[in-house]
Amino acid sequence: KAGVTQTPRYLIKTRGQQVTLSCSPISGHRSVSWYQQTPGQGLQFLFEYFSETQRNKGNFPGRFSGRQFSNSRSEMNVSTLELGDSALYLCASSGRGDGYTFGSGTRLTVV
Amino acid sequence: GENVEQHPSTLSVQEGDSAVIKCTYSDSASNYFPWYKQELGKRPQLIIDIRSNVGEKKDQRIAVTLNKTAKHFSLHITETQPEDSAVYFCAAPMDTGRRALTFGSGTRLQVQP
């Protein structure tokens with residue numbers, strides 16, 4: 001079956017702009033989580049969605065938001081970008097009894 | 001919520017030796033403990049996981065042990081090979097009954113040929 005698909009793979013944005021990242025989970029997976037990965041901070045949890053509902057949110061400012069659609073696809077949005085938002089953003093999906101499967105990520109560079 | 005600590009942060013072994021990475025967790029109700037391997041420039045991939053109803057699980061050269069009393073679990077890699085070089089992350093559920101995971105800080109394993 002197809003894996004977790006994240007688009008785009010790379011993004012370069014300017015400070016102050018906003019960005020939307022997309023994640024299509026494995027077919028049948030209803031749980032989607034987002035993580036920010038930076039060299040010094042490891043994998044930091046952003047949010048978890050299940051059946052269009054946000055079930056958990058990490059310690060990130062309100063500039064970070066997300067949503068999940070009825071087909072389980074998820075988007076995350078970052079507004080008013082800062083240099084420190086440069087990171088690899090990973091999406092992971094999970095189904096009943098399955099562990100997490102990660103997408104390849106979106107590498108965001110803020111200049 | 002769960003807190004996961006992972007040690008060591010870096011580990012260098014000679015090819016053929018064993019490697020052990022340890023993690024501790026805080027929530028005694030946690031019941032699922034996966035390990036992920038992330039090679040340079042690639043996504044984290046699940047390599048093995050264990051549930052709280054068993055104490056050990058093996059898959060070829062990889063094994064995971066769980067000590068619920070002490071609240072720690074370990075990854076064991078035997079007969080290491082250069083392709084085992086990667087960053088390894090342990091994880092546990094963020095909250096009881098939730099799928100979202102909290103990850104350890106990672107261990108960079110270097111296998112010297």
Side-chain angles (χ1 to χ4, degrees), chain A residues 2-7 9-10 23-26 28-51 53-60 66 68 72 74 76 87-107, chain B residues 1-10 21 23 25-27 30-54 57 59 62 64 73 75 86-109:
Chain A
V4 179
T5 303
Q6 290 189 246
T7 56
R9 289 294 308 276
Y10 302 93
C23 171
S24 293
I26 290 172
H29 284 189
R30 295 161 64 189
S31 174
V32 173
S33 291
W34 289 88
Y35 291 83
Q36 181 195 66
Q37 187 172 35
T38 55
Q41 296 297 318
L43 288 158
Q44 300 294 311
F45 173 74
L46 282 155
F47 1 77
E48 177 200 8
Y49 287 91
F50 183 84
S51 294
T53 301
Q54 186 182 88
R55 301 208 299 183
N56 265 315
K57 190 177 192 303
N59 292 328
F60 280 81
Q68 186 179 34
S72 293
S74 178
M76 67 164 280
L88 178 66
Y89 290 87
L90 289 161
C91 162
S93 77
S94 174
R96 183 181 293 278
D98 296 336
Y100 263 10
T101 299
F102 280 89
S104 296
T106 295
R107 185 163 298 281
Chain B
E2 179 66 276
N3 182 47
V4 177
E5 294 191 358
Q6 182 171 349
H7 302 278
S9 57
T10 60
I21 303 169
C23 289
Y25 59 98
S26 59
D27 186 352
S30 286
N31 59 2
Y32 174 66
F33 306 93
W35 286 88
Y36 286 81
K37 175 184 180 182
Q38 187 175 29
E39 296 175 81
L40 192 62
K42 296 190 176 181
R43 73 186 79 184
Q45 291 201 295
L46 177 68
I47 55 171
I48 195 167
D49 57 16
I50 191 168
R51 298 192 182 273
S52 58
N53 57 346
V54 297
K57 183 176 178 180
D59 183 2
I62 291 173
V64 56
F73 56 112
L75 178 70
V87 179
Y88 292 82
F89 293 96
C90 62
M94 188 159 297
D95 289 299
T96 304
R98 297 298 192 208
R99 288 186 176 272
L101 298 172
T102 188
F103 285 84
S105 52
T107 297
R108 182 172 299 280
L109 173 64

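By convention in this document, chain letters (A, B, ...) are assigned in the order of the sequence lines, proteins followed by strands, and residues within each chain are numbered from 1.
- Among A/Gly58, A/Gly103, A/Ala92, A/Ser33, the residue making the largest number of heavy-atom pairs under 4.5 Å with chain B is A/Gly103.
- The environment of A/Asn59 atom CG is sparse: at most 12 non-hydrogen atoms of other residues, nucleotides or ligands sit within 6.0 angstrom.
- For A/Gln37, the part lying under 4.5 angstrom from a heavy atom of chain B is the side chain only.
- If you measure heavy-atom distances from A/Val32 to chain B, you find no contacts under 4.5 Å at all.
- There is no contact between B/Gln45 and chain A, counting heavy-atom distances below 4.5 Å.
- Listed for the A/Tyr35 side chain is no donor-acceptor partner under 3.5 Å among the backbone atoms of B/Phe103.
- Between A/Gly99 and B/Leu46, the shortest heavy-atom contact is CA-CD2, 4.2 Å.
- Among residues two or more places apart in sequence or in another chain, the side-chain contact (heavy atoms from CB on, under 4.5 Å) test is passed with B/Lys42 by B/Glu39.
- With rounding to the nearest 0.5 angstrom, the CZ atom of A/Phe45 is 9.0 Å from the OG1 atom of B/Thr102.
- In this structure, chain A has no heavy atom under 4.5 Å from any part of B/Pro34.
- Annotation: side chain of A/Glu48 is not in contact with side chain of B/Met94 (no heavy-atom distance under 4.5 Å).
- You'll find the ring centres of A/Tyr100 and B/Tyr36 outside the 6.0 Å limit.
- Using a 4.5 Å cut-off between heavy atoms, A/Ser104 contacts chain B through both its backbone and its side chain.
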